[in-house]
Amino acid sequence: MMQQHWYRFDFALATKLADYMGKERKFTKCREIFDDIINQGRVPSESTFHILIVAYLSTPVQGCLDEACGIYNRMIQLGGYQPRLSLHNSLFRALLNRPGGSSKYYLKQAEFIFHNLETCGLEIQKEIYTGLIWLHSYQDTVDKERIKLLRKMMRESGMEEGKEVLISILRACSKDGDVEEAERTWIKLLGSNDSIPSQAFVYKMEVYSKVGEITKSLEVFREMKKCLGYTSIASYHKIIEVLCESEQMDLAESFMKELIESGMKPLMPSYIKLTDTYLRLNCHDKLESTFLECLEKCRPNRTIYSIYLSSLVKVGNLGKAEEIFNHMGENVTIGVNAKSCNTILYGYLSSGDNSKAEKIYDLMCQKKFEIESPLMEKLESVLRSSRKEVKKPVSLKLSKEQREILMGLLLGGLRIDSDEERKNHMIRFEFNPSSIPHSILKRHIHDQYHEWLHPSSKLTAGNGDIPHKFNTISHSYFGFYADQFWPKGQPVIPKLIHRWLSPIVLAYWYMYGGYRTSAGDILLKLKGSSEGVKKVVKTLKSKSLNCRVKRKGRVFWIGFLRTDSMWFWKLVEPYVLDDLKDFLKAGSETADDCAVESRDINFDSASDSDEKGSSDYSEDDNL
């Protein structure tokens, strides 16, 4: 209708249609109409704001909570509306329920909701106070005055501080070593009828360690066993960390032995703390034996490899250091980064091995790693003696491998955000925190695009944990991919997709947006029009890859069943990360929880698939 010459925008019709789509949880269609209303210079009705926020909150799709927050803020700031109490509370609860500890990043939004509840004179329930104090306690720098004010407001409202608030106070005390407040809070916990959770003991241990009272930290550790009847893995990690920081290595080693014998996992955090302390104390023999023991019991980890590499360089064992560095580079689940390259570069420059130093320099230029300033000064004299000029920094440009990986990820559901003029574009990498393959893949992707990442997404010194969400800088270079895969802010299948389905593209599509079923079949998730899906299927069949298609909600599933899955696996296996092959190999039983998303896909039943000629797709992504 909008394409007809006689069409005129009808606010009432647009409102009814948007509200209907939102009530049906078709949030993408609802958002399209919502944006169209705004583009017409009108402010959507209060009902449309409310229904769209609820639609976003009702789906588990990544990114929808951020969209809900954005619409909520515009509802108040643009529309001047006062949301209902239930909407404030629903959004606040959704912020607290974020997985993987990511709730801490929503403090500003939570405070905005609290402010709106106050200014509108609405009832502020106990869970709001409790949740806001909890969020504050998780910040790196805790605003203790704000927590104090919130506690006062709770008391004035006749609310008692429950166990959750007391645990949050202990957590806040552990950040700055506030022993007095921690001990007062501990007495209140002991006086409550609730059992004390194991994490409270860990926080109390940390409080004492912050002020150097290591003996008291040990007492709390032993008290935990008496009170609870067990000792948690977190408490072992904390006491080993405390003892390492105070350089009481004999005790730390004895607790590490206890931890290993207990059979609890993971062991890696304590292994890292031990080896890092040995490096600081120049106990290189102990560091090496601990490193080798770690390899026998844990999955390879770049952090501990980097510590061992630093030790080898420090003692001048460059032959072994080179061997370890090469192994890190060959194993994509470990990989090399700027720190490990600078470490081996320092070793070569210090020993006078200029030819190998030049090779590391070339590698760092290729990977666009930053060279530390003191090393660059030494390098310049080496390079001038063997080359006419020092290489200038390379301008940002995707390599062929990066381009193919990006296309595979985009087919698997990767998102691109564009500015209003569509001049600059940002790639948003999001990984499922409950998926083992995604947890492995995210480090590899973080390394692949490290030079493109926004400063907030880059790792800081001492922090080796890759977040489940990170993004690139906003850049015009991504315009081609935005136009092909996200032309109007919605995922589409490019018209030229038949040219780009190389084995490496298919492999990354599978690793990011595919699953292996319990029967060993392989499924690939795809969003777009049925015509685009037909083109993909036709291209796959031209590669002798037979497949079937099923549509469920807004998602098309491309299935390689039985022997067809083996042919697909044979094609992509060389490009699948080694640590993912056991999880994704065709014909094997699945070992990952994320396969639950595709458990109801039955290719033998009737479906709303591309075979039926559908020209569009449903927005219901909640399979």
Side-chain angles (χ1 to χ4, degrees), residues 92 95-96 101 103-104 106-107 110-111 114-115 117-118 124-246 248 251 255:
F92 195 94
L95 298 181
L96 296 181
S103 291
K104 62 182 285 188
Y106 289 90
L107 174 62
E111 283 282 13
F114 185 88
H115 169 75
L117 286 167
E118 273 191 305
I124 302 178
Q125 298 174 357
K126 184 177 179 179
E127 66 172 337
I128 301 294
Y129 285 111
T130 302
L132 195 52
I133 293 172
W134 181 82
L135 284 173
H136 272 285
S137 73
Y138 263 107
Q139 304 306 304
D140 296 330
T141 303
V142 179
D143 186 347
K144 299 192 78 170
E145 289 303 313
R146 179 59 175 162
I147 293 178
K148 186 177 179 181
L149 178 60
L150 290 168
R151 295 176 73 186
K152 180 183 177 183
M153 293 171 71
M154 281 187 73
R155 289 193 298 271
E156 290 174 350
S157 299
M159 299 175 187
E160 291 186 9
E161 293 179 338
K163 180 176 68 175
E164 293 80 6
V165 171
L166 296 176
I167 298 299
S168 295
I169 302 306
L170 267 182
R171 186 184 301 110
C173 292
S174 71
K175 301 289 179 69
D176 59 1
D178 189 343
V179 175
E180 289 184 8
E181 182 63 38
E183 290 181 342
R184 282 197 298 269
T185 305
W186 190 258
I187 291 171
K188 289 181 182 179
L189 273 172
L190 291 174
S192 67
N193 295 325
D194 298 319
S195 60
I196 302 177
S198 61
Q199 198 60 32
F201 289 89
V202 177
Y203 294 140
K204 193 179 180 188
M205 288 163 57
E206 192 167 1
V207 170
Y208 288 127
S209 72
K210 279 284 196 301
V211 295
E213 296 190 30
I214 310 304
T215 303
K216 286 195 173 182
S217 290
L218 275 167
E219 289 173 1
V220 174
F221 178 80
R222 292 179 174 124
E223 182 187 353
M224 180 182 181
K225 183 73 177 287
K226 293 178 183 176
C227 291
L228 303 183
Y230 68 92
T231 310
S232 69
I233 183 70
S235 65
Y236 268 110
H237 288 325
K238 178 54 63 178
I239 195 63
I240 290 170
E241 177 188 329
V242 167
L243 293 169
C244 285
E245 288 174 354
S246 62
Q248 298 184 41
L251 264 176
F255 280 118

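Fair warning: this is a prediction, and the values are worked out from it, not measured in the lab.
Between Phe92 and Gln125 there is no side-chain heavy-atom pair separated by less than 4.5 Å. With a 4.5 Å cut-off on side-chain heavy atoms, Leu96 and Glu127 do not count as touching. Using a 4.5 Å heavy-atom cutoff, the side chains of Leu228 and Ser198 are in contact. Using a 4.5 Å heavy-atom threshold, the side chains of Lys144 and Asp178 count as touching. At a threshold of 4.5 Å between non-hydrogen side-chain atoms, the residues Val220 and Ile239 do not count as touching. Looking only at side-chain heavy atoms (C-beta outward), Asp176 and Lys210 stay at 4.5 Å or farther from each other. Contact check for His136 versus Leu150: side-chain heavy atoms found under the 4.5 Å cut-off.
Ser103 and Leu135 make their closest contact through O-CD2, 3.3 Å (heavy atoms, listed as atom of the first residue, atom of the second, distance). The minimum heavy-atom distance linking Gln199 with Ala234 is given by the pair OE1-CB, 4.0 Å. Heavy atoms only, all atoms of each residue included: Ser235 and Met205 are closest at O-CE, 3.5 Å. Between Ser232 and Val202, the shortest heavy-atom contact is OG-CG2, 4.5 Å. Across all their heavy atoms, Ala110 and Leu132 have their closest contact at CB-CD1, 3.9 Å. Between Val242 and Ser209, the closest heavy-atom pair is CG2-CB, 3.5 Å.
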Worked verdict on Arg146 versus Glu111 for salt bridge (charged side-chain N to carboxylate O under 4.0 Å, His left out): CA-CA 11 Å; Arg146 179 59 175 162; Glu111 283 282 13; 2.8 Å; yes

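With Glu181 as the partner, the salt bridge (Lys or Arg N to Asp or Glu O under 4.0 Å) test is satisfied by one option alone out of Arg171, Lys204, Arg151: Arg151.
Taking OG1 of Thr185 as the reference point, atom OH of Tyr203 lies at 13.0 Å (rounded to 0.5 Å). With values rounded to the nearest 0.5 angstrom, Met154 atom CE is found 11.0 Å from Ile124 atom CD1. For the atom pair Glu213 CD and Leu218 CG, the distance stands at 12.0 Å (nearest 0.5 Å). The distance from the CD1 atom of Ile214 to the OG atom of Ser246 is 4.5 Å, given to the nearest 0.5 Å. Atoms CG and CD1, on Leu189 and Ile196 in that order, are 5.5 Å from each other to the nearest 0.5 Å. Here the CE atom belonging to Met159 is positioned 9.5 Å from the CD1 atom belonging to Ile128, to the nearest 0.5 angstrom.
Residue pairs meeting the ring pair (Phe, Tyr, Trp, His ring centres under 6.0 Å) criterion with at least one member in residues 143-198, sequence neighbours excluded, are Trp186-Phe201.
A donor atom on one side chain and an acceptor atom on the other are not found under 3.5 Å apart for Tyr129 and Glu164.
Ion pair Arg184/Glu161 not flagged as a salt bridge, since none of the NZ, NE, NH1 or NH2 atoms sits closer than 4.0 Å to an Asp/Glu carboxylate oxygen. Remark: Glu241 engages Lys238 in a salt bridge, criterion side-chain N to carboxylate O under 4.0 Å. A salt bridge links Lys104 with Asp140: the distance from a Lys NZ or Arg NE/NH1/NH2 to an Asp or Glu carboxylate oxygen falls below 4.0 Å.
Of the possible donor and acceptor atoms, one in the side chain of Lys175 sits under 3.5 Å from a partner among the backbone N and O of Gln139.
Heavy-atom contacts from other residues, nucleotides or ligands closer than 6.0 Å to CD of Glu180 number 12 or fewer.
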